[in-house]
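As the structure is a prediction and not an experimental result, all values here were calculated from the model. Positions are given from 1, in the same order as the sequence printed here.
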Amino acid sequence: MHHSFDFYSKLKSQQSSSILGSIKKFINELFKNICDNSDDLNDISSQYQDFVSKLTYDFAAVWKIEFYEEKSIYSNIINGFENILCKLLYKRIMNEFVDSTFNYESLLFITLADLDIKDYDYSGNIDELSSQLNKFTQISQYQTTREKLIILCNLCNYINLSYANFDRIKITKFLVYMFIHSEIRDLKNQLLFCALFRHNTIINS
């Protein structure tokens, strides 16, 4: 990627005025219509991602960017549009998926031992485990899928490298423990948000 590439400067330019108009219309009208006319979250996700893709290619056309020559710019542009849209739509999106009734307190008695994870896997690192759990609770403080997924990936990497050693069953058990003891009331919403509003091409990579 060229070091001179600056997505936000280009987006603020008069040359990008039609793209900014499309974003404004999507925020003020189209997204509400999409949500009102579909009960299928996957359909909402698909239409949202199609819009991000359209913005990305419209932006490339305006600025004469050839992705086959500058592949790294593609994810840069998608990240830029997702950051803008997620922040502007965050409250509306989270309100669409309200599910904060889950009672984590009823499960807080569950320990790693209850999940059949042997104490030698974690007993010497209880403080660090607690520290990582506290870091994970910050997932609710961010409004973009990229930021939330970085926190989730950091947790998975920590579990994998510190305890699980690429054992998927162990990773899953540790995650279950972390999810419960994080006591994040809208955790389902947080994870849905990441799954539905992060572009597939980025997640798949």
Side-chain angles (χ1 to χ4, degrees), residues 31-32 34-36 38-46 48-49 79 82-200 202-205:
F31 187 73
K32 183 179 185 302
I34 290 171
C35 293
D36 288 345
S38 179
D39 295 325
D40 184 345
L41 296 181
N42 289 320
D43 181 54
I44 294 173
S45 172
S46 177
Y48 170 87
Q49 292 195 37
N79 285 336
E82 283 194 351
N83 286 346
I84 293 168
L85 292 170
C86 284
K87 288 177 180 178
L88 291 173
L89 291 171
Y90 186 73
K91 290 183 179 179
R92 185 181 299 175
I93 290 172
M94 296 307 281
N95 288 336
E96 288 287 333
F97 310 143
V98 173
D99 185 10
S100 57
T101 58
F102 189 78
N103 182 12
Y104 283 90
E105 293 178 1
S106 65
L107 297 173
L108 289 177
F109 68 90
I110 292 177
T111 66
L112 287 168
D114 292 324
L115 295 170
D116 197 31
I117 295 177
K118 309 304 179 186
D119 60 0
Y120 60 75
D121 280 329
Y122 63 89
S123 58
N125 298 285
I126 291 296
D127 290 342
E128 177 62 19
L129 198 63
S130 177
S131 173
Q132 292 296 325
L133 186 58
N134 287 333
K135 290 179 182 178
F136 178 65
T137 61
Q138 297 174 16
I139 195 171
S140 299
Q141 298 175 18
Y142 295 95
Q143 294 188 337
T144 71
T145 53
R146 181 175 182 273
E147 291 168 320
K148 292 179 187 295
L149 282 171
I150 286 173
I151 290 177
L152 181 58
C153 286
N154 286 344
L155 177 63
C156 290
N157 288 334
Y158 168 75
I159 291 170
N160 186 37
L161 297 175
S162 300
Y163 307 106
N165 193 28
F166 298 98
D167 183 325
R168 292 183 179 182
I169 294 177
K170 268 189 181 179
I171 292 174
T172 301
K173 288 179 177 180
F174 267 105
L175 278 176
V176 168
Y177 173 84
M178 292 291 202
F179 286 171
I180 291 172
H181 288 268
S182 70
E183 298 185 65
I184 299 173
R185 297 295 174 179
D186 64 345
L187 181 59
K188 180 178 177 181
N189 289 10
Q190 296 293 330
L191 298 178
L192 264 177
F193 179 70
C194 292
L196 296 174
F197 295 97
R198 187 62 165 148
H199 204 277
N200 283 335
I202 306 295
I203 287 185
N204 291 339
S205 67

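- Checked against Phe174 for a side chain to side chain contact (heavy atoms under 4.5 Å, CB included), the options Leu155, Ile117, Asp167 give a single hit: Ile117.
- Residues forming a ring-ring contact (aromatic ring centres under 6.0 Å, His included) with Phe197 (at least two apart in sequence, or on another chain): Tyr48, Phe193.
- With hydrogens and angles left out, the side-chain atoms of Thr144 and Glu147 include a donor and acceptor closer than 3.5 Å.
- Taking Arg198 as the reference, Glu82 meet the salt bridge (charged side-chain N to carboxylate O under 4.0 Å, His left out) condition, with sequence neighbours excluded.
- Asn165 pairs by the side chain to side chain contact (heavy atoms under 4.5 Å, CB included) definition with nothing, not counting sequence neighbours.
- Between Ile44 and Phe31, the closest side-chain pair of non-hydrogen atoms falls below 4.5 Å.
- Of all heavy-atom pairs spanning Ile184 and Thr137, the tightest one is CD1-CA, 3.8 Å.
- Between the side chain of Ser162 and the main chain of Tyr158, a donor-acceptor pair closer than 3.5 Å is present.
- For Tyr142 against Tyr90, the heavy-atom pair with the smallest separation is O-OH, 3.7 Å.
- The salt bridge (charged side-chain N to carboxylate O under 4.0 Å, His left out) test applied to Lys135 returns no partner, not counting sequence neighbours.
- Between Asp40 and Asn42, the shortest heavy-atom contact is OD1-N, 2.8 Å.
- Side-chain contact between Phe179 and Leu191 is present, with at least one heavy-atom pair separated by less than 4.5 Å.
- When atom types are taken as modelled, the side chain of Asn160 and the backbone of Asn157 share no donor-acceptor pair closer than 3.5 angstrom.
- For Asp127, there are no salt bridge (charged side-chain N to carboxylate O under 4.0 Å, His left out) partners two or more places apart in sequence or in a different chain.
- Taking every heavy atom of both residues into account, Leu187 and Ser182 meet most closely at CD2-OG, 4.5 Å.
- Lys148 places no side-chain N or O within donor-acceptor distance of the main-chain N or O of Cys194, the cut-off being under 3.5 Å.
- Atom CG of Asp186 is separated from atom OG of Ser140 by 4.5 Å, given to the nearest 0.5 angstrom.
- Residues satisfying the ring-ring contact (aromatic ring centres under 6.0 Å, His included) criterion with His181, sequence neighbours excluded, are Tyr177.
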